[in-house]
Amino acid sequence: MRVAVLGCGVVGTEVVRLLTTQASDLAARVGASLELVGIAVRDTSIERDPVVDRALLTEDAEGLVERADVVVEVMGGIEPARTLLLRAIEHGAAVVTANKALLAQDGPTLYAAADAAGVDLYFEAAVAGAIPIVRPVRESLVGDRVQRVLGIVNGTTNYVLDKMSTEGLDLDAAVKEAQALGYAEADPTADVEGYDAAAKAAILASLAFHTRVSIDDVDREGISGITADDVVWAERTGYAIKLLAIAERSDQGVQVRVHPALVPLTHPLAGVRGAYNAVFVEAEAAGELMFYGRGAGGAPTASAVLGDVVSVARHRVLGGKGPVESSYAALPVLPASAARTRYQVRIDVDDRPGVLATVAAVFATHGVSIEAMRQAPAPLGPDGVGFARLILTTHQASEEALSATVAAVADLDAVRRVISVLRVEGA
Ligand SMILES: NC(=O)C1=CN([C@@H]2O[C@H](COP(=O)(O)OP(=O)(O)OC[C@H]3O[C@@H](n4cnc5c(N)ncnc54)[C@H](O)[C@@H]3O)[C@@H](O)[C@H]2O)C=CC1
Ligand SMILES: N[C@@H](CC=O)C(=O)O
Ligand code: NA
């Protein structure tokens, strides 16, 4: 079985390592040997890990995909990855990719091409790294009705938030560490601004609900607005800040969103540290399932890639192929603004009688019910006058009602500033 690897960076190098060092075990599991016939790179002359046989390096990716039975794409980006995968499929190769950006933007083109050519298209590594989640959702739960998928699906941002919390690092310093550890995307903006999580959420929602959700359908907010102060105050009030991906199905359609949220410290998601990911899936018959493990990094991601390589290679040996895209449900995508969540609003107000009642009245006027209110002592303001910090947690409210409330609160004379507004999930 001829295997070609496109890209030899963080993940590609580890894929090559497993293909090389586990060759005999892999052959026994597949029922045929996996021969690495080439590794496409941009520059064959640069220094690489010794596990990479220089004789296999080529800058001719197009030529390489035409002489492989299994093409592994770990170069990332939209082009030339898309064209190369389509070319591989046209030539009858099975493809394995870790490229969530491409799948979330143009997955249906690839699925259709693979279906027409009768070849496998596998992508376990594209969502939550090493964690088996694509296959459980696509295959194990295909007999059930999935209602909700919720979790942490980006290792970089989870690592960054964890470092902000445990070591007081600022966001930029923590992102640099995540890059050095091989967790971040080539452009870490994709992680920090939630695009990577949105791509994964789109893929999971499509699989879970048998419909098509693209990255453009996902309501997305990243963590660039989260400050060290937010992290400290979250903990003081019993929460951790996590970047969550949430996909929900209702009678009206599907709704998919990615945003930072406060998660109670007692919730299992709050204990997900470093670059680990965790995904909860709620299905009608199965109930709640939790998937947990390393969501980023070269070796963990290579594990998922190799799992797919063995599967598609086995299909070639035994005949047949794996599942194709299932989008028959064709559900409408609803705006995430329709979601009702709890919120925590942190504001600084003048510390004088009646202010609390005035603020509470604004919430009441907008139909937003306050669940809990806490007042924390705050230092003197710049004008030397004392002020108080109010932390208000609401019952479930619509985004529209909450935004109107916050705008009206900010307009009150007694309100110095609205410091932060964060959703509360998992409580
Ligand atoms: N690093 C991680 O933890 C994870 C990465 N992924 C995905 O795996 C893929 C690869 O990620 P990394 O290895 O981290 O990135 P990387 O940037 O370390 O490696 C990509 C490699 O592909 C090469 N490349 C890019 N365009 C090329 C072209 N046209 N021809 C030949 N080589 C080309 C680059 O020079 C680079 O060496 C991406 O799609 C990423 O989203 C998925 C899960 C986890
Ligand atoms: N950049 C991604 C890598 C895995 O998908 C992340 O940090 O999760
Ligand atoms: Na995975």
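Counting starts at 1 for both ligands and their atoms, in listed order.
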[X] bridged to [Y] by N-O distance under 4.0 Å:
X	Y	answer
R87	E66	yes
R257	E399	no
R314	D120	no
R135	D308	yes
E248	R148	yes
D217	R212	no
E325	R138	no
K200	D196	yes

- [ ] Go around the Na ion (ligand 3) and count every protein N, O or S atom nearer than 3.0 Å.
- [x]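 Protein N, O or S neighbours of the Na ion (ligand 3) under 3.0 Å, waters not counted, come to 5.
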
request  = Identify which one of V153, N154, V218, I215 satisfies the side-chain contact (heavy atoms from CB on, under 4.5 Å) criterion when paired with V258.
outcome  =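 Only match with V258 under side-chain contact (heavy atoms from CB on, under 4.5 Å): V218.
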
Under a 4.5 Å cut-off applied to non-hydrogen side-chain atoms, are V70 and M1 in contact?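 Yes. Closest side-chain heavy atoms under 4.5 Å.
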
> Would you say the side chain of H315 lies within less than 4.5 Å of the side chain of Y122, judging by non-hydrogen atoms?
Replying inline: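 Of all side-chain heavy-atom pairs linking H315 with Y122, at least one is under 4.5 Å.
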
Item to complete: Please assess E185 against K100 for the test salt bridge (charged side-chain N to carboxylate O under 4.0 Å, His left out), listing each intermediate value before the final yes or no.
Response: CA-CA 11 Å; E185 294 303 301; K100 51 268 161 129; 3.0 Å; yes

For ligand 1, output the ligand-protein N/O contacts shorter than 3.5 angstrom; if there are none, return none.
from	atom 1	to	atom 2	distance (Å)
ligand 1	1 (N)	G182	O	3.1
ligand 1	3 (O)	G182	O	3.4
ligand 1	3 (O)	G297	N	2.6
ligand 1	13 (O)	V10	N	3.2
ligand 1	13 (O)	V11	N	2.9
ligand 1	18 (O)	V10	N	2.9
ligand 1	26 (N)	R42	NH2	3.4
ligand 1	41 (O)	K100	NZ	3.3
ligand 1	41 (O)	E185	OE1	2.6
ligand 1	41 (O)	E185	OE2	3.4

Could you tell me, for ligand 2, which of its N or O atoms are under 3.5 Å from any protein N or O, listing the pairs and their distances rounded to 0.1 Å?
from	atom 1	to	atom 2	distance (Å)
ligand 2	1 (N)	Y183	O	2.7
ligand 2	1 (N)	E185	OE2	2.7
ligand 2	1 (N)	D191	OD1	2.7
ligand 2	5 (O)	K100	NZ	2.5
ligand 2	5 (O)	K200	NZ	2.7
ligand 2	7 (O)	N154	ND2	3.4
ligand 2	7 (O)	G155	N	3.3
ligand 2	7 (O)	T156	N	2.8
ligand 2	7 (O)	T156	OG1	2.6
ligand 2	7 (O)	Y183	O	3.1
ligand 2	7 (O)	D191	OD1	3.4
ligand 2	8 (O)	N154	ND2	3.4
ligand 2	8 (O)	G155	N	2.6
ligand 2	8 (O)	K200	NZ	3.1

_Does anything in residues 263-281 form a side chain to side chain donor-acceptor pair (under 3.5 Å)? List the pairs, not counting sequence neighbours._
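Passing the test, one end in residues 263-281: D162-R273, Y276-R294.
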
